[in-house]
Amino acid sequence: MTTRAGRQAHGLGAIVSVPFLTPDRGIAIGVMLLVAILALQHGVSWWGTRSPKVEMLSQGRATMLVRDGVMLLDELDRAAISREQLFAALRGKQVEHLGQVKRLYLEGCGLFSVLRAKDPRPGLAVVCPSDLALLEHDRSRMVCSTCGNPGERAAPGGAPCARCDHREWSAPVSGRKGSNASRTEQAR
């Protein structure tokens, strides 16, 4: 996913590349454009620190994508974030399952912020399917395989999830095999 900062860096490079690649036409215009853009960015940043409205317009607002270990599928769709992108961001933050997440936000700048749960509960795995064998599963519970919503043990016909109406359920992950977290969860 390309971030806003990445797009800005490419734009600044485009402004100065032509004058520097063709110095016989002069580089003054490219340098003046670069200074003007940087001054504008500095001015908007300064103004944003003094006005919440300007900050909201220039930075955007954070969007909650996970609440209490459950994905907010409508918000994922609105933000055009796939489950795989979300799971990759969580793996990058050393999260193994959604039960470890209190909140996950997509910041206005395109970065993900994770607030971890103080007392993680079993949740939907975010690791690659090939790594599922490394994790301890709590077979006494079930979570929706689509959104991570905890539910009762699924009926043979597959009762729909109360949150997303999907019918696929899986055993939640409680931690890594052999880790203290999974042993603590088993002791409960």
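No experiment lies behind these values; they were computed from the predicted model shown.
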May I have the step-by-step check of side chain to side chain contact (heavy atoms under 4.5 Å, CB included) for Arg61 and Tyr105, ending in yes or no? CA-CA 10 Å; Arg61 65 179 179 89; Tyr105 298 99; over 6 Å; no
Steps toward side chain to side chain donor-acceptor pair (under 3.5 Å) verdict (Glu136, Ser174): CA-CA 6 Å; Glu136 193 71 46; Ser174 56; 5.8 Å; no
Between Arg103 and Asp68, does the salt bridge (Lys or Arg N to Asp or Glu O under 4.0 Å) criterion hold? Intermediate values first, please. CA-CA 6 Å; Arg103 298 283 189 273; Asp68 298 324; 3.0 Å; yes
Arg176 and Glu96: salt bridge (Lys or Arg N to Asp or Glu O under 4.0 Å), yes or no, with the steps? CA-CA 8 Å; Arg176 284 190 188 150; Glu96 297 166 343; 2.3 Å; yes
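Hydrophobic clustering keeps Val127 apart from Leu98 (ILVMFWY residues linked when any side-chain heavy atoms are closer than 4.5 Å, directly or through intermediates). When the side chains of ILVMFWY residues are joined at heavy-atom separations under 4.5 Å, either directly or via intervening members, Val70 and Leu65 end up in two distinct hydrophobic clusters. Taken together through direct or relayed side-chain contacts under 4.5 Å among Ile, Leu, Val, Met, Phe, Trp and Tyr, Val173 and Met142 form parts of separate hydrophobic clusters.
Atom-to-atom distance recorded for Met64:CE and Ser113:OG is 12.0 Å, nearest 0.5 angstrom. The CZ atom of Arg121 sits 11.5 Å away from the CD atom of Gln100 when rounded to the nearest 0.5 Å. Atom CZ of Arg167 sits about 12.0 Å away from atom OG1 of Thr146, to the nearest 0.5 Å. Here the SG atom belonging to Cys144 is positioned 7.0 Å from the NE2 atom belonging to His166, to the nearest 0.5 angstrom. To the nearest 0.5 Å, atom CZ of residue Phe112 and atom OG1 of residue Thr63 are 10.0 Å apart.
The shortest non-hydrogen separation linking Lys93 to Val114 is CG-CG2, 3.9 Å. Here the closest heavy-atom approach between residue Ala125 and residue Leu135 is recorded as CB-CD1, 4.4 Å. Of all heavy-atom pairs between Cys164 and Leu73, the closest is CB-CD1, 3.7 Å. The minimum heavy-atom distance between Ala171 and His137, with the atom names listed, is O-ND1, 3.6 Å.
Checking side-chain atoms of His97 against main-chain N and O of Gly99 turns up a donor-acceptor pair under 3.5 Å.
For Arg78, the side chain to side chain contact (heavy atoms under 4.5 Å, CB included) test picks out Asp74, Glu75, with sequence neighbours left out.
When each of Leu86, Val95, Leu72, Leu115 is checked for a side-chain contact (heavy atoms from CB on, under 4.5 Å) with Val66, only Leu86 meets the rule.
Within 6.0 Å of the CZ atom in Arg116, the count of heavy atoms belonging to other residues, nucleotides or ligands exceeds 12.
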